Amino acid sequence: MKKLERFFFEIAVMSIMSLVLTSAPILAETDPSWGSQTPHINVPTNTYNDTWKTPMNAAAVAWNGTDTKVTVGVLSTSKNSVLAASYTDTWYGTASSANPGPFTIKLNARTISNDATNFANFVQSTLVHEYGHIFCLDHTTKTSIMNSSRDRNTMITPQAFDVSEVNSVYK
């Protein structure tokens, strides 16, 4: 009986190994089903103090200043939210799905304050990244604002890869 059990165990292991080794990873770098269906989004008027307001406004300008088809506008009646507060979680920023919307972006003041060597750049980088999610971009390992390992103290604008990816979504 032990030989039969061992045989089936080996077959199962070989089957699993075969699946693992032959399956190509799915690396989606855009997700149109999750992001905004239009290339133009609006966020409410920024009412934070200047320490937050300046880099948060710069994040919108960073997308508006690229050669993309996307824009971030300000509309006092926008149902979308961009919030900065202290959360107990370990993330720097998070975004809810923009499809169908409205979306909410949260910036974690606790983790940003703890880890930033350049506070304004760190905030801007984090928000530009979260806007990227709203514009259908997913995480990547390429040189990109969407790379979770980027230096948030220095990379504060969408990179060439981000511009290309956004333009492929909003043709």
Side-chain angles (χ1 to χ4, degrees), residues 29-140 144-171:
E29 293 175 328
T30 63
D31 187 358
S33 67
W34 195 88
S36 174
Q37 298 304 296
T38 67
H40 310 292
I41 61 169
N42 287 308
V43 294
T45 306
N46 183 335
T47 59
Y48 289 95
N49 64 42
D50 287 343
T51 302
W52 284 90
K53 183 184 287 192
T54 301
M56 289 170 77
N57 289 343
V61 171
W63 276 109
N64 295 341
T66 62
D67 192 21
T68 64
K69 299 170 181 154
V70 300
T71 58
V72 179
V74 176
L75 183 65
S76 62
T77 58
S78 173
K79 292 185 179 6
N80 300 314
S81 301
V82 179
L83 310 170
S86 185
Y87 301 97
T88 58
D89 299 301
T90 58
W91 43 260
Y92 297 116
T94 185
S96 68
S97 175
N99 186 11
F103 64 81
T104 298
I105 294 174
K106 294 179 181 177
L107 303 177
N108 193 340
R110 186 183 63 78
T111 54
I112 291 172
S113 295
N114 285 343
D115 295 347
T117 55
N118 184 320
F119 183 82
N121 282 2
F122 212 98
V123 170
Q124 180 178 336
S125 179
T126 303
L127 187 51
V128 168
H129 175 95
E130 297 309 326
Y131 282 144
H133 286 308
I134 302 304
F135 290 129
C136 304
L137 299 184
D138 206 350
H139 293 139
T140 184
S144 167
I145 200 71
M146 299 311 294
N147 185 327
S148 296
S149 298
R150 73 194 179 283
D151 184 346
R152 290 167 181 82
N153 294 295
T154 59
M155 186 182 289
I156 60 174
T157 60
Q159 303 298 293
F161 178 78
D162 305 308
V163 171
S164 174
E165 291 294 293
V166 163
N167 285 339
S168 75
V169 172
Y170 302 105
K171 296 177 182 164

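Keep in mind that this is a model prediction, so the values were computed, not measured.
- Side-chain contact check for Gln124 versus Arg152: every heavy-atom pair is 4.5 Å or farther apart.
- In this structure a side-chain-to-backbone donor-acceptor pair under 3.5 Å is present from Thr126 to Phe122.
- Remark: Thr104 OG1 to Lys79 NZ distance equals 13.0 Å, nearest 0.5 Å.
- Residues Ser113 and Phe119 are in side-chain contact: their nearest non-hydrogen atoms beyond the backbone lie under 4.5 Å apart.
- Nearest approach of Trp52 to Ala109, heavy atoms of both residues: CZ2-CB, 3.5 Å.
- Counting heavy atoms from C-beta on, the side chains of Thr157 and Thr66 never come closer than 4.5 Å.
- Residues Asn167 and Asp67 share a closest heavy-atom pair of ND2-O, 3.1 Å.
- Remark: Asn57 pairs with Asn46 by the side-chain hydrogen bond (donor to acceptor under 3.5 Å, both in side chains) rule, at least two apart or across chains.
- Of the possible polar contacts, one joining the Ser168 side chain to the Glu165 backbone as a donor-acceptor pair under 3.5 Å is found.
- Judged by distance alone, with hydrogens and angles left aside, the side-chain atoms of Glu130 form no donor-acceptor pair with the main-chain N or O of Val128 at under 3.5 Å.
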Could you tabulate the donor-acceptor pairs under 3.5 Å formed by side-chain atoms of residues 80-90, not counting sequence neighbours?
{"unit_1": "Asn80", "atom_1": "OD1", "unit_2": "Phe103", "atom_2": "N", "d": "2.9"}
{"unit_1": "Asn80", "atom_1": "ND2", "unit_2": "Asn42", "atom_2": "O", "d": "2.8"}
{"unit_1": "Asp89", "atom_1": "OD2", "unit_2": "Trp91", "atom_2": "NE1", "d": "3.3"}

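- Under a 3.5 Å cut-off, the side chain of Ser125 and the backbone N or O of Met155 do form a donor-acceptor pair.
- Using a 4.5 Å cut-off on side-chain heavy atoms (C-beta onward), Tyr131 and Ile41 make contact.
- The shortest distance between side-chain heavy atoms of Arg150 and His129 falls below 4.5 Å.
- With hydrogens and angles ignored, the 3.5 Å screen pairs no side-chain donor or acceptor of Ser36 with any backbone N or O of Ile134.
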Could you please spell out the steps behind the side chain to side chain contact (heavy atoms under 4.5 Å, CB included) verdict for Ile112 and Tyr92? CA-CA 6 Å; Ile112 291 172; Tyr92 297 116; 4.0 Å; yes
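- Counting heavy atoms of neighbouring residues, nucleotides and ligands inside a 6.0 Å radius, atom CG of Asn49 exceeds 12 of them.
- Expressed to the nearest 0.5 Å, how far CG of Leu107 lies from CD1 of Ile105 amounts to 7.5 Å.
- More than 12 non-hydrogen atoms from other residues, nucleotides or ligands lie less than 6.0 angstrom from NZ of Lys69.
- The side-chain heavy atoms of Asn121 and Thr154, taken from C-beta on, include no pair separated by under 4.5 Å.
- By the 30° and 60° cut-offs, the orientation of the rings of Trp63 relative to Phe135 is perpendicular.
- With Asn153 contributing its side chain and Asn118 its backbone, the two residues share a donor-acceptor pair below 3.5 Å.
- Nearest approach of Gln159 to Ile145, heavy atoms of both residues: CG-N, 4.0 Å.
- Residues Val43 and Met56 fail the side-chain proximity criterion, which asks for heavy atoms closer than 4.5 Å.
- From Asp162, atom CG reaches atom OG of Ser144 across 3.5 Å, with rounding to the nearest 0.5 Å.
- Here the side chain of Thr68 pairs no donor or acceptor atom with the backbone of Val163 at under 3.5 angstrom.
- For the pair Gly35 and Ala98, the tightest heavy-atom approach, listed with the atom from each and the gap, is C-CB, 3.8 Å.
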